[in-house]
2 protein chains.
Amino acid sequence: MAIDDVDRALLVRLQNDATQSYAALGQAVGLSAGAAHERVRKLKATGVIRRTTIEVDPAALGSGVLAYVLLDSDAWMGDEPTLDALQAIPTVEEAHIIAGPASVLVKVRTGSTEALQATLRSLHLVDGVTSTQTIVVLESFFERAPAVV
Amino acid sequence: MAIDDVDRALLVRLQNDATQSYAALGQAVGLSAGAAHERVRKLKATGVIRRTTIEVDPAALGSGVLAYVLLDSDAWMGDEPTLDALQAIPTVEEAHIIAGPASVLVKVRTGSTEALQATLRSLHLVDGVTSTQTIVVLESFFERAPAVV
DNA sequence: AGTGAAAACCATGCAAT
DNA sequence: ATTGCATGGTTTTCACT
């Protein structure tokens, strides 16, 4: 799909506030409400907009501990069993196959260091994992949505 | 604020789809539309729900390269000038002060390895940064929203 | 692709409990 | 804190451009 500057402007505005009306949205980018609606419909249909969602404050829900964990392995971990095992751990927010010393990088968010420890235990139990290296976040400067280039 | 199971159920449903009506939302958790609306209003007022937003597919917008970069420094980087400098680089999606060998961990998303290189150059120009260590993501298993515990 | 308007639907406020 | 209802606004569709 071809995405032009108007689409990008719509995406930026919806990223900031997805509750605004199509009338407001259209006015901001110089379009009628109907036209704005049609563009957003297409962006959703083609998958550029994955979904409309809420951004939750993890700290308000009691998840104040953030860490990144590097997983070393004795086998190739790029297959579905690994994905399933990692996805089954609710405190694992991201999982990536990486180039470099380790095999997999996961982002973990928990409510306490004890819960982090429990997650590390779960990670050690994933097939192929031989060791982990944990990077504990002391303070987050920011976590923001992907830039709309 | 006290968050109960009904609130959590509402949060999970809104994370999946923030476009549904309060009638549907209320029915799903055993509440009237008005009551569901009132609960969501409070969750927004107290900051548990930060905002309603769209989730964009970075790949569809031409950002297919993901990397994590560790920054070493010769000074304390936990202050505002560092935050501002990192925030000013649009390809930097997250920045965290970390415990361990390096000082700062940043998440970078670009459209090409050339653009990644340009971001690394920008990171080297940030005050205090002495060296960087880049972890390139080969494949993302998943990136999902924080779990509502 | 965009416009303008019509119809169905929903958010929002309020009185009552 | 929840309900049911009224109303003003919004989404959604459609004929026309």
Side-chain angles (χ1 to χ4, degrees), chain A residues 1-64 111 145-149, chain B residues 1-64 111 145-149:
Chain A
M1 183 198 182
I3 295 160
D4 64 16
D5 292 341
V6 176
D7 288 325
R8 267 182 271 270
L10 290 171
L11 291 172
V12 169
R13 294 196 163 262
L14 285 173
Q15 253 182 359
N16 284 322
D17 177 14
T19 66
Q20 65 196 297
S21 71
Y22 287 113
L25 213 48
Q27 188 162 29
V29 302
L31 242 52
S32 72
H37 181 257
E38 174 63 10
R39 285 213 181 220
V40 173
R41 192 195 60 73
K42 276 186 191 155
L43 288 167
K44 285 178 177 168
T46 56
V48 177
I49 295 176
R50 286 219 193 92
R51 60 179 178 176
T52 303
T53 183
I54 53 167
E55 199 180 283
V56 160
D57 178 10
L61 285 161
S63 289
V148 174
V149 191
Chain B
M1 183 200 183
I3 295 158
D4 64 15
D5 292 342
V6 176
D7 288 325
R8 269 182 269 270
L10 289 171
L11 290 173
V12 169
R13 294 199 163 259
L14 285 173
Q15 253 181 0
N16 284 322
D17 177 15
T19 66
Q20 65 196 298
S21 71
Y22 287 113
L25 211 48
Q27 189 161 31
V29 302
L31 243 51
S32 72
H37 182 258
E38 174 63 10
R39 282 199 180 235
V40 173
R41 192 195 60 74
K42 277 186 190 155
L43 289 167
K44 285 179 177 167
T46 55
V48 178
I49 296 176
R50 284 220 196 91
R51 60 177 179 176
T52 303
T53 183
I54 54 167
E55 199 179 283
V56 160
D57 178 9
L61 286 160
S63 288
V148 175
V149 190

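Chain letters run A, B, ... following the sequence lines, proteins first and then strands; every chain starts at 1.
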S.K.: Mind listing the N/O atom pairs, protein and nucleotides 4-11 of chain D, below 3.5 Å?
M.R.:
| residue | atom | partner | partner atom | Å |
| --- | --- | --- | --- | --- |
| D:dT11 | OP2 | A:Y22 | N | 3.0 |

S.K.: Would you indicate what A:R39 reaches in the nucleic acid, counting non-hydrogen atoms under 4.0 angstrom: base, sugar-phosphate, or nothing?
M.R.: sugar-phosphate

S.K.: Return the value, rounded to whole Å, for the distance between atom CG of B:L25 and atom P of C:dA11.
M.R.: 9 Å

S.K.: Who passes side chain to side chain contact (heavy atoms under 4.5 Å, CB included) against B:D4, sequence neighbours left out?
M.R.: B:V6, B:D7, B:R39

S.K.: Could you report the tightest heavy-atom contact between A:L14 and A:Q20, atom names first, then the distance?
M.R.: N-NE2, 4.3 Å

S.K.: Send over the distance from B:E38 CD to C:dA15 C1', rounded to a whole Å.
M.R.: 15 Å

S.K.: B:K44 has an atom NZ; how far is it from atom P of C:dT12, in whole Å?
M.R.: 7 Å

S.K.: Going by the rule side chain to side chain contact (heavy atoms under 4.5 Å, CB included), which residues pair with A:R51 if we only count those two or more places apart in sequence or in a different chain?
M.R.: A:T53, B:N16, B:E55, B:A145

S.K.: Pairs of donor and acceptor atoms involving the side chains of residues 27-38 of chain B, under 3.5 Å and at least two apart or interchain, shall be tabulated with distances.
M.R.:
| residue | atom | partner | partner atom | Å |
| --- | --- | --- | --- | --- |
| B:S32 | OG | B:A35 | N | 3.2 |
| B:E38 | OE1 | B:R41 | NE | 3.1 |
| B:E38 | OE2 | B:R41 | NH2 | 3.0 |

S.K.: Find the distance A:L10:CG to C:dA1:C1' and express it as a whole number of Å.
M.R.: 13 Å

S.K.: What residue pairs, at least two apart or across chains, pass salt bridge (Lys or Arg N to Asp or Glu O under 4.0 Å) with a residue in residues 10-22 of chain A?
M.R.: none

S.K.: Can I get a per-line list of side-chain donor-acceptor pairs under 3.5 Å for residues 57-64 of chain A, giving both atom names and the distance, sequence neighbours left out?
M.R.:
| residue | atom | partner | partner atom | Å |
| --- | --- | --- | --- | --- |
| A:D57 | OD1 | A:A59 | N | 3.2 |
| A:D57 | OD1 | B:R50 | NH2 | 3.1 |

S.K.: Atom CG of A:D4 and atom P of C:dA1: how far apart are they, to the nearest Å?
M.R.: 9 Å

